[in-house]
Amino acid sequence: MNGACGVAKIEKEGTIQTFRHSFATHLLESGVDLRYIQELLGNKRSKATEIYTHVSNNGLSQIKSLLDRLFEKKKGV
């Protein structure tokens, strides 16, 4: 991994754990279900995978309440 970091001119030390963390976070931000991420990472306990939920808040702005949806329908959006 350090070779790839050097090519990308990333000065911060990278480890396999950094790679796993980035991989899981990107999957989560792409909408992949936490259970699938758990399976891909080989985590036996869901608690081990849930640490990535605090990192990703990308989807928070996409959440619409029932009231928001109702008003959108009335506006014809």
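What's counted below: heavy atoms across the whole structure, side chains too, no hydrogens, waters or symmetry copies.
In this structure, the separation between OG1 on T49 and CG on N43 is 3.5 Å, given to the nearest 0.5 Å. The line from CG of L27 to CG of L40 is 6.5 Å long, rounded to the nearest 0.5 Å. Remark: T25 OG1 to E29 CD distance equals 6.5 Å, nearest 0.5 Å. Put simply, CG on L70 and CD on E72 are 10.0 Å apart, with the number rounded to the nearest 0.5 Å.
Using a 4.5 Å cut-off on side-chain heavy atoms (C-beta onward), F23 and L41 make contact.
Qualifying side-chain contact (heavy atoms from CB on, under 4.5 Å) partners for E11, counting only residues two or more places apart in sequence or in other chains: none. For K44, there are no salt bridge (Lys or Arg N to Asp or Glu O under 4.0 Å) partners at least two apart in sequence or on another chain. Applying the side-chain contact (heavy atoms from CB on, under 4.5 Å) test to K47 and every residue at least two apart in sequence or in another chain returns R45, E50.
Side-chain atoms of T15 come within 3.5 Å of backbone atoms of Q17 as a donor-acceptor pair (strictly under, hydrogens ignored).
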